[in-house]
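Quick notes on the structure that follows.
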Amino acid sequence: MHRGRWRRVVSQSGRSIAVWAVSTATMLVLAGLLPDFQLRSADGDSATDIAMTAAFGAGAFGVLSAVVWPLLVRLLLLVPALVLGLLVFFLNGGLLLVALRLNPTERGAVAWETGVVVAAVMSAVASATGGALAVRDDDAYRRRLYRLADRRRGSGPPCPATHGTVFLQLDGVGHDVLLDAVGKGLMPTVARWLGTGDRARPTHRLTPWRTDWSSQTGASQLGILHGSNYDIPAFRWYEKDRREVMVSNRPTSAAELQRRAVERTGDAGLLSADGASRGNLFSGGADEQALVLSIATRRRGRENRSRAGYFAYFSDPANAVRTALSFIAEVGREIGQSTRARFRKVRPRVKRGGLYPFIRAFATVVERDVVVAAVMGDMLAGRTAVYADLVAYDEVAHHSGPMSRDAEKVLERLDRALALIGKVAEHAPRPYRIVVLSDHGQSPGETFRARYGLSLGDLVRAGCGLPVPRKAQRTHSGAEARAAVRAALHRPVEEGGEQYRPARRTEPLVLASGNLGLVSFPDVPHRMSKEEIDARHPALLTTLANHPGIGFVLVRSEQHGGVVLGPYGTEIPLDRLDEDPGPLKDFGPGAAEAVRRTHSFPHAADIMVNSWYDPADGEVLAFEEQIGSHGGLGGAQAKAFLLSPVALSAPVDDTQELAGAEHIHHVLRRWLREVDGPQVPLDAEPEERAA
């Protein structure tokens, strides 16, 4: 025992000396390259004195980084995430200045701006060297990973021997996209889990599941985490009783939707028992939360400062340096890719300028790094259930296309994140089962405005006999990453909120959610019927139903309760859709059920409009500025996936279909109870079988 202890001490000392030597050499090289960085006095020094100055400076900087840096980060936990990321460089440079000032021979000087660069390079080199050496030693590697964990668990009770569960949501990755990526070799980790090719026996099973009509993160994730997505007709909708536009990724709306779901189910959520929620729209009832939108409007304090997220990540200055460099590289990559697409005149295409390169970089780099680090910390802290959302693919696919090379590159990086989390699971204090799932897919296709030269709002105004602008108005994308950026900056109100207010209360309010459009008349307090709409605007419903870019229209009917309208005067009551699907025929199985369910929502719009869909190519026409869209019916957007360990019971038997986010919630709840291996669902909960 004593021999093993001394071996670890010697090994750790050797690594520390090696890191110190490499840091010293790095400082000498930088002093030779940078004119404002000096390691000798004005009178000149011998090579030995310069080397000693570099060694002392490197050692002092390493000690300060290990001791002082975590304290500084703790003091800055209330600072917005992006601001903290920028402060890292200046704080790191300040530590280097202090380290040089501590030299008793008073040698060494550096300009402030140069010190920032030197400190960043030294932090990165020291971290890379320490990591490379530690990986060769399992014990050292485990200790290095443990530094990512939340130390509040250190004095708590020991972790149970039962399994914990990590749910990783790959936002917007459809079932077929995942299979295609595996087939192309883009996701070797997923391929290994599935046991494809000549690999070993599979450890996971892949199951497709069908989303609700509102195939978007707000509806899906609320149903998955809280067991109810009732009365969420779209990504954004107008509530007449409150005279307010609800937007799924607006913090105030997310908080209200979560409150309603908890009130409806009487349960705090999937993660209420020792859970953690990372990068999600909703908390799931978790005590530990980081980058969760529904708490972004709360007063910042102890309960939502996300120590296990921000502190665990930024406590190592090299993390921030690496993320910042990757952020800059991603911005450059997006600018290059969009420029190349523009010169090659790739179609379809949407504008990708302005702030979008920075939003994409946040989603694909910053949000990913912080969330993955938080999940790793949760696993090493032994938490029972973790649910995390990685939005990188969804953001890129919206603007580059779901099957584009840009999106495939993101899938490669997401697979590496899965591999890292799988590696951490080997060193966690309890065994973990990793479940990977998506909340929806994406359907390709050009925008409605690009094909017809007018927006859905313009078409509605024309049908109402109102003047139409000569130039079609753009409908901005409502991707989740934009809300994550605003939350990270503590700017919880969605920009452009006034665009949802009509010029006059008698005018229609038109909202878009991917290829799903909603038309409401704010001056009428109830949901209007077809008869009322025809009396007020005789040409409106006919204009919409007969337009080639519209697949079908849903309205309330005084005679039939609800009807689906299509071209050439097609009008089918909802209770007859199973025998005569009419315009829903091309939208596949489950479409009629999804439409009927949405029709029952109290806040369904006066007119629900789903775009045209081509079953041959799988294309839809987005009412937003997206060439990869989701939110309505049609194509891959409604086909998500569930990748689960074979040690867990099958999600459904061969006679059932996995449909609806609420059904997914019941499956995940059942798995959380299966802590000792596969089990048959308990008879005490028959509602889960029925679901």
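Quick caveat, the model's predicted, so the values are computed rather than measured. We use all heavy atoms of the structure for the numbers below, so side chains are in, but hydrogens, waters and symmetry mates are not.
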Shortest non-hydrogen separation from Ser400 to Asp406 and the atoms involved |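 Nearest pair, atom of Ser400 first, then Asp406: OG-OD2, 3.1 Å.
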If we only count heavy atoms from C-beta on, is the [X] to [Y] side-chain gap below 4.5 Å?
X	Y	answer
Val436	Phe641	yes
Thr364	Tyr393	no
Arg360	Phe362	no

Using the salt bridge (Lys or Arg N to Asp or Glu O under 4.0 Å) rule, take Glu263 and Arg260 through it: C-alpha gap first, then chi angles, then the decisive distance, then the call.
-> CA-CA 5 Å; Glu263 183 178 271; Arg260 294 178 187 178; over 6 Å; no
Salt-bridge test for [X] and [Y]: reply yes if a basic N is under 4.0 Å from a carboxylate O, no otherwise.
X	Y	result
Arg352	Glu395	no
Asp267	Arg669	yes
Glu532	Arg536	no
Arg597	Asp231	no
Arg210	Glu657	yes

Give a yes or no on whether the backbone of Gly285 and the side-chain of Ser283 come within a donor-acceptor separation of less than 3.5 Å.
->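 Such a contact is found between Ser283 side chain and Gly285 backbone.
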Return yes if some donor-acceptor pair links the side-chain N/O of Gln637 with the main-chain N/O of Gly632 below 3.5 Å, else return no.
->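 At least one qualifying donor-acceptor pair exists.
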Taking the six-membered ring of Trp612 (Phe, Tyr or Trp), confirm whether the NZ or CZ of Arg451 is under 6.0 Å from its centre and within 45° of its axis.
->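 Judged by the rule, Arg451 and Trp612 form a cation-pi pair.
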Please confirm whether Arg278 makes a cation-pi placement over Tyr387, using NZ or CZ under 6.0 Å from the six-membered ring centre and within 45° of the ring normal.
->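 Negative - Arg278 is either too far from the ring of Tyr387 or too far off its axis.
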Taking atom CD of Glu593 as the centre, does the number of heavy atoms from other residues, nucleotides or ligands within less than 6.0 Å exceed 12?
->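 No, the 6.0 Å shell around CD holds no more than 12 heavy atoms from other groups.
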